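Just so you know, these numbers come straight off a predicted model, no measurement behind them. We're numbering straight along the sequence, starting at 1.
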Amino acid sequence: MNELVIRTDGLLTVEPEDVQVLLDADLRYREVTCLTEEELIEHCGAAHGLLVLREPITERVLAALPNCKVVARFGVGVDTVDLDAATRRGVRVVNVPDANAPEVAAHAIAMIMALVRRLPHFDHAVRSGVWSYLQSGRGMRRLDRLVLGIVGFGRTGRRVADSARALGFSVIVHDPYAAPGALARAGHAAVSFDELTTTADVISLHLPLTPETENLVSADVIEQMKTGSILVNVSRGKLVDESALSAALASGHLSGAGLDTLAAEPVRPDSPLLALDNVILTPHAGHYSTESYRETVHRAFADVARVLRGEMPRNPLN
């Protein structure tokens, strides 16, 4: 066989046992950091398989890789991969959809609880010499008086919904693609997107970036959210109109936001979000733990080996 697999992003640490999965399948392995279309086209023309993280796997790139049979992404989202172009060219695309669901759900819950309990405000006050809960905590509510709205009832959304209900929140969910009866069986109320955005005290986003979901939380949606409500996004930055969000946070229309993903990453130095003390920003870290990191890398390598051996991958997307 002796086909070539290239890992094109050096950000992740790969262990010898990951590479051994490919060598055991009589595959060659190479690492070349290629973060642009031009670099991918220049260095990966001979590749039969790609292991990618954030690289743009576009139709132009795929056209320059005539031998490519499989593209595996380290993680869940594949918005950087042109699935239609890959399908037309017979290129299998795979991901690792469930390795980090516990971590992302925990990250969302941590952000929700920190914002609801005003932890950033209290921390700042104490460090500034103010030992009083009344000023920073004014208006805080019991959890069982709050409604948490979850947009997207996939692996992560389900975990957040169950955890939030255990904490006392009333949970409502919007997911037009959920299986019939899935929400009712899980004990959560299914609502329209409009009802969720106008009813929830906290909104948490758990859905992929697609043409349908881009800018889902638009300026109009933010305007109709409850005064004093909170937005948490651990999915994709482009789901949210960040300019409208910043304005709503600055005006006090929204009381807080937790953002693990932004439209442009890393955050731009001139982003108005950086000047707001009611925003928690994390560096796209929601997926990370020692365990999820290792599982994600190893499973991506294993699925590439399966495809190039002529077998069905565990997580095919096309």
Side-chain angles (χ1 to χ4, degrees), residues 7-14 31-40 43 50-58 61 73-82 95-96 99-101 103-112 114-115 119-120 123-124 156 203-210 213-219 222 230-250 254 256-290 292-294 296-297 300:
R7 180 171 72 103
T8 55
D9 191 325
L11 186 64
L12 300 181
T13 301
V14 171
E31 296 181 0
V32 184
T33 299
C34 304
L35 301 183
T36 67
E37 285 185 309
E38 288 70 23
E39 290 171 334
L40 288 161
H43 297 290
L50 293 180
L51 288 151
V52 306
L53 181 62
R54 51 190 166 158
E55 305 85 292
I57 309 303
T58 62
V61 169
R73 185 177 181 277
F74 296 113
V76 181
V78 288
D79 43 281
T80 56
V81 180
D82 189 331
N95 68 346
V96 186
N100 55 31
E103 285 76 13
V104 177
H107 205 83
I109 288 291
M111 282 185 155
I112 291 167
L115 291 163
L119 300 190
D123 179 77
H124 178 73
T156 306
I203 296 175
S204 192
L205 304 178
H206 301 281
L207 64 168
L209 178 64
T210 67
T213 63
E214 185 170 358
N215 203 40
L216 179 71
V217 183
S218 63
I222 290 170
I230 290 167
L231 178 70
V232 169
N233 183 14
V234 294
S235 295
R236 286 293 184 267
K238 290 184 180 180
L239 298 174
V240 179
D241 182 331
E242 289 177 6
S243 177
L245 176 63
S246 298
L249 290 163
L254 301 187
L259 306 174
D260 185 48
T261 57
L262 298 170
E265 296 180 357
V267 62
R268 292 173 176 154
D270 61 349
S271 171
L273 293 167
L274 293 172
L276 299 170
D277 62 4
N278 53 351
V279 181
I280 297 174
L281 297 170
T282 55
H284 210 140
H287 66 283
Y288 182 74
S289 73
T290 301
S292 70
Y293 188 97
R294 288 299 320 128
T296 296
V297 171

Search all heavy atoms of [X] against all heavy atoms of [Y] and return the closest pair with its distance.
{"X": "Thr33", "Y": "Glu39", "answer": "O-OE1, 4.4 Å"}
{"X": "Gly258", "Y": "Leu115", "answer": "N-CD1, 3.5 Å"}
{"X": "Leu53", "Y": "Arg73", "answer": "O-NE, 2.8 Å"}
{"X": "Val234", "Y": "Val104", "answer": "CG2-CG1, 3.6 Å"}

Would you say the side chain of [Y] lies within less than 4.5 Å of the side chain of [X], judging by non-hydrogen atoms?
{"X": "Asn100", "Y": "Val76", "result": "yes"}
{"X": "Thr156", "Y": "Ser235", "result": "no"}
{"X": "Ile57", "Y": "Thr80", "result": "no"}
{"X": "Thr296", "Y": "His287", "result": "no"}
{"X": "His107", "Y": "Met111", "result": "yes"}
{"X": "Val240", "Y": "Leu259", "result": "no"}
{"X": "Ile230", "Y": "Ile112", "result": "no"}
{"X": "Val61", "Y": "Glu55", "result": "no"}

Checklist entry - Is it true that the side chains of Thr282 and Asp260 contain a donor and an acceptor less than 3.5 Å apart? => result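 Note: Thr282 and Asp260 side chains meet the donor-acceptor criterion.
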
Checklist entry - CG of Leu216 to CG of Asp241: how many Å apart, nearest 0.5 Å? => result 11.5 Å

Next on the checklist: I need the Ile203 CD1 to Asn233 CG distance, nearest 0.5 Å.
Outcome noted: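 The CG atom of Asn233 is 11.5 Å from CD1 of Ile203, to the nearest 0.5 Å.
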
Item to check | Worked check of side chain to side chain contact (heavy atoms under 4.5 Å, CB included) between Leu205 and Leu231 | outcome: CA-CA 8 Å; Leu205 304 178; Leu231 178 70; 4.2 Å; yes

Item to check | Side-chain donor/acceptor of Glu265 to backbone N/O of His284, under 3.5 Å | outcome: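 No.
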
Item to check | Thr213 side-chain N/O to Pro208 backbone N/O, donor-acceptor pair under 3.5 Å | outcome: yes

Item to check | By side chain to side chain donor-acceptor pair (under 3.5 Å) - contacts of Ser204 (at least two apart) | outcome: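 Only His206 meet the side chain to side chain donor-acceptor pair (under 3.5 Å) criterion with Ser204.
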
Item to check | Identified salt bridge (Lys or Arg N to Asp or Glu O under 4.0 Å) counterpart of Asp79 within the set Lys238, Arg54, Arg236 | outcome: Arg236

Next on the checklist: The test is side chain to side chain contact (heavy atoms under 4.5 Å, CB included); show your working for Leu239 and Val217 and say whether it passes.
Outcome noted: CA-CA 6 Å; Leu239 298 174; Val217 183; 5.5 Å; no

Item to check | Worked verdict on Leu12 versus Arg7 for side chain to side chain contact (heavy atoms under 4.5 Å, CB included) | outcome: CA-CA 10 Å; Leu12 300 181; Arg7 180 171 72 103; 4.2 Å; yes

Run the side-chain donor-acceptor check on residues 267-280: report pairs under 3.5 Å with partners two or more places apart or on a different chain.
unit_1	atom_1	unit_2	atom_2	d
Ser271	OG	Leu273	N	3.2
Asn278	ND2	Leu249	O	3.2

